[in-house]
Trainee: 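So that we are looking at the same thing, I have put the structure below in structure tokens.
Everything numeric here is computed off the predicted structure, so don't read it as measured data.
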Amino acid sequence: METEVLNEEKKRMKNIFVQTATSLVEALELRNGLLKGYSQKTADIALKIAKECGKSEEECDNVYYTALLHNTGVEMLSDELIGKEENLTADEESMIKNLPQVSAGILSKITAIPYLSKNVRYITERFDGKGWPERLKGEAIPTAARIVAVAKEYVSLSRKNKNRNPIPDAIIREEFVKEAGLRFDPVFANAMVHLIDAESNKNTQASTEPLETEISCKNYREKVSVGIPIQSRFTEVSFRFTKTAQEKDFSLPAIILFDSFDKKVHDTQKSIDAYHYVEYGEIFFDGHTISTGVRNMEVRESEKTDSDSDDSIYKITAARYEDHVLIKTCSPSKTCEVIAALPDISKGAYISLTGENCILDQIKMTVGENQVDKNSIPRIAEKISYINHLESDIPNVQINNPREEYTKGIAVRDKMKITFHTMSLVWHCPYILLYYSQDQKPGGKDYREYAFIKLNGEDNGSNGFAENSFHMTKRSSFESWNKWKEKNKAGFDCRIDITRKGNRITLSTENLGISIENQTKILEAKDEVFLALTGDQCAITDIRIS
């Protein structure tokens with residue numbers, strides 16, 4: 001009974017602490033809209049990372065409260081400094097840099113929970129020992145501080161501040177991949193990547209924003225709709241066009257064809273770089289086009305013959321097959337078919353609506369059921385292939401989208417070596433897949449996935465079929481991620497060494513300074529295990545097995 005009473009008292013005190021801490025954070029964040037919800041979001045993300053890495057309940061609490069209270073020193077900053085990242089004076093930079101130490105000083109007064117002050121003090125240390133205040137390195141940095149550093153960075157980048165809009169998850173993900181083992185603990189950075197991927201998979205079909213129902217433009221491109229993805233099924237868009245200028249003034253709707261991480265059109269160099277924006281061209285309903293970023297563009301015009309339709313309604317039909325897109329425009333006077341050859345098959349494509357001296361309203365979109373095939377869109381440019389090379393032991397493979405294609409399955413033997421040449425189409429890289437299926441194909445009958453490893457140092461961890469012990473190290477030969485990308489795009493030779501002892505398989509490889517070793521323990525009796533190469537936006541050639 002005494003034990004139960006003590007446990008209940010412990011729970012009551014914990015609840016009081018949680019309520020007090022949450023109230024304190026909310027009070028601090030009331031002063032500035034840019035702060036609202038920041039600490040709670042950081043705590044939630046940090047807790048997810050801790051759970052992803054299998055931390056105990058006590059360790060998870062340690063991480064959560066550290067993250068929740070890590071920004072208590074923000075009261076020392078003026079409103080002008082909160083959320084400011086650019087054009088900082090030396091004094092302003094020093095104040096922001098010293099924020100964790102101020103927070104730690106405040107939290108040191110909570111003597112019953114000494115870990116709070118210690119953890120918060122070290123969240124600006126770097127895993128490679130180049131941080132501050134004490135240049136601690138690796139596991140000398142408290143575990144909670146290493147986790148909160150990752151969560152804090154994710155939340156900061158994914159929120160709007162004074163200098164920029166939120167950064168897309170795809171770019172944030174790349175940052176964690178690049179900085180794993182440098183700024184961030186690679187284990188926790190990798191866990192954050194897994195969380196981003198899981199959220200991305202959940203929202204694959206969802207648009208970042210719903211399509212607007214009305215756009216008003218005085219000047220050309222003054223307003224632009226959110227991007228509409230061009231898919232392998234026909235997408236139909238209709239709207240009513242109303243001219244708002246004098247008769248002599250030009251007035252017409254237009255379409256912008258582009259690709260961007262956030263599905264939006266950008267017009268400043270800063271946002272173009274941040275969102276990897278590429279504009280392919282502009283299409284007008286009178287048959288005029290401007291081609292800027294495609295390999296080829298053709299227009300086929302015909303006079304409209306449907307006299308019964310509403311003359312104020314304009315229609316668009318769009319679809320893609322491989323690296324070609326078809327955009328059919330229908331106005332009261334003319335129907336046009338625009339065919340555009342994208343730079344390559346891996347590129348995305350969106351259209352946005354805009355115009356000049358007009359209102360576009362009653363905007364509607366529907367996606368058809370039937371898939372586009374090679375006969376739906378005439379080819380106006382040669383298909384780009386990066387695997388027209390002599391083949392070795394198994395056929396070459398070009399992968400234009402994540403895991404879209406695989407090499408032939410290779411039976412894993414007790415000791416073997418696989419070599420191949422890879423070239424990135426953008427900067428992505430090959431993946432290594434360990435698996436079993438009855439037909440030896442990835443995703444085949446009775447499929448079991450045991451390990452999934454990317455040559456840039458990412459892995460998918462353990463699952464119900466296997467336990468994986470993964471280690472990635474950046475060697476002294478690793479120059480930088482920018483250099484890694486350059487050499488990856490130019491092409492390089494890879495080697496994978498594999499050994500198998502019963503249900504344990506060890507895989508090791510080192511490429512451009514990224515050293516990987518993974519040990520897989522298969523949790524079932526399987527005589528046959530297979531390995532396949534895949535990837536994202538890369539070509540794999542000259543594959544040799546010995």
Side-chain angles (χ1 to χ4, degrees), residues 85-86 88 124-131 137-138 149-150 153-154 156-158 163-190 192-193 196-197 200 259-262 266 268-279 293 343-344 346-348 386 399-402 420-432 453-459 471-495 509-516 535-540:
E85 291 183 349
E86 298 180 355
L88 294 167
T124 49
E125 296 286 3
R126 289 171 53 110
F127 195 77
D128 61 7
K130 296 179 181 178
K137 184 176 182 180
V150 172
E153 181 72 2
Y154 174 79
S156 296
L157 293 177
S158 63
N163 304 116
R164 57 160 174 78
N165 288 321
I167 293 174
D169 274 2
I171 297 176
I172 300 175
R173 182 190 191 284
E174 184 178 331
E175 186 71 11
F176 284 115
V177 171
K178 290 194 303 185
E179 294 296 337
L182 299 174
R183 283 182 64 192
F184 306 116
D185 185 311
V187 173
F188 304 138
N190 199 33
M192 187 71 247
V193 167
I196 292 172
D197 288 347
S200 175
D259 185 23
S260 175
F261 275 166
D262 66 347
H266 296 279
T268 66
Q269 193 58 50
K270 185 174 180 180
S271 62
I272 287 170
D273 294 340
Y275 296 99
H276 292 204
Y277 177 75
V278 178
E279 189 162 306
D344 62 59
S346 66
K347 298 295 187 292
Y386 297 94
I399 310 105
N400 297 302
N401 294 293
F420 57 91
H421 183 81
T422 177
M423 182 178 73
S424 169
L425 311 184
V426 180
W427 77 269
H428 298 289
C429 62
Y431 309 160
I432 305 165
I453 297 162
K454 301 181 181 181
L455 291 195
N456 65 354
E458 300 178 56
D459 82 304
H471 299 280
M472 185 274 280
T473 306
K474 292 184 175 76
R475 302 293 190 192
S476 57
S477 57
F478 177 80
E479 299 175 78
S480 69
W481 278 110
N482 286 335
K483 289 288 185 184
W484 193 91
K485 286 183 183 182
E486 288 175 14
K487 293 179 178 179
N488 189 17
K489 197 164 184 178
F492 63 95
D493 294 321
C494 302
R495 168 176 166 166
T509 182
E510 182 172 335
N511 302 288
L512 305 179
I514 299 295
S515 176
I516 294 169
D536 182 13
Q537 298 179 346
C538 64
I540 302 173

Trainee: Just verifying a value: how many Å separate D185 CG and R126 CZ, rounded to the nearest 0.5 Å?
Mentor: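 Atom-to-atom, D185:CG and R126:CZ are 13.0 Å apart.
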
Trainee: Below 4.5 Å, heavy atoms only, C-beta onward: do S477 and E510 meet side chain to side chain?
Mentor: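 In short, these two side chains touch, coming nearer than 4.5 Å.
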
Trainee: Which residues satisfy the ring-ring contact (aromatic ring centres under 6.0 Å, His included) test with F188, sequence neighbours excluded?
Mentor: none

Trainee: Looking at N456 and V177, what are the two nearest heavy atoms and their distance?
Mentor: ND2-CG1, 3.5 Å

Trainee: Please lay out, stage by stage, how D459 and N190 fare under the test side-chain hydrogen bond (donor to acceptor under 3.5 Å, both in side chains).
Mentor: CA-CA 8 Å; D459 82 304; N190 199 33; 2.7 Å; yes

Trainee: Do N482 and E486 meet the criterion of a side-chain donor-acceptor pair at a distance under 3.5 Å?
Mentor: no

Trainee: Sequence neighbours left out, what passes salt bridge (Lys or Arg N to Asp or Glu O under 4.0 Å) with K487? Give chain and number order.
Mentor: E479

Trainee: Can you see which heavy atom on F478 is nearest to which on L512, and at what distance?
Mentor: CD1-O, 3.6 Å

Trainee: Can you measure from CZ (R475) to CD1 (I514) and round to the nearest 0.5 angstrom?
Mentor: 10.0 Å

Trainee: Looking only at heavy atoms, what is the nearest atom pair of Y277 and H266, with distance?
Mentor: CE2-O, 3.4 Å

Trainee: Output the distance between atom CD (E174) and atom CD (E179), rounded to the nearest 0.5 Å.
Mentor: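 CD of E179 is found 10.5 Å from CD of E174.
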
Trainee: Can you tell me how far apart OH (Y431) and CD1 (I453) are? Round to the nearest 0.5 Å.
Mentor: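 Reported to 0.5 Å precision, the distance equals 13.0 Å.
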
Trainee: Do N400 and D344 come within less than 4.5 Å of each other through their side chains, counting heavy atoms only?
Mentor: no

Trainee: Roughly how far apart are R173 CZ and F261 CZ, rounded to 0.5 Å?
Mentor: 10.5 Å

Trainee: Is it true that a side-chain atom of N488 and a backbone atom of H428 form a donor plus acceptor pair closer than 3.5 Å?
Mentor: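 Checked: pair present.
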
Trainee: In the structure I gave you, are the side-chain heavy atoms of K347 and V278 within less than 4.5 Å of one another anywhere?
Mentor: no

Trainee: If you measure from OH on Y154 to CD on E175, what distance do you get to the nearest 0.5 Å?
Mentor: 13.5 Å

Trainee: When you compare the side chain of R183 with that of E153, does any pair of heavy atoms fall below 4.5 Å?
Mentor: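 Yes, side chains in contact.
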
Trainee: Please name the pair of heavy atoms, one in D262 and one in P168, separated by the smallest distance, quoted to 0.1 Å.
Mentor: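 Closest pair (atom of D262, atom of P168, distance): CB-CG, 4.4 Å.
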
Trainee: Any idea which heavy atoms bring C429 and L455 closest together, and the distance?
Mentor: SG-N, 3.8 Å

Trainee: If I compare all heavy atoms of N511 with all of W484, which pair ends up nearest, and what's the gap?
Mentor: O-NE1, 3.7 Å

Trainee: How would you list, by chain and number, every residue that makes a salt bridge (Lys or Arg N to Asp or Glu O under 4.0 Å) with E125, sequence neighbours excluded?
Mentor: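 Applying salt bridge (Lys or Arg N to Asp or Glu O under 4.0 Å) to E125 gives none.
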
Trainee: Pick out which of H471, M472, K454 makes a side-chain contact (heavy atoms from CB on, under 4.5 Å) with I516.
Mentor: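 Single pass found, and it is M472.
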
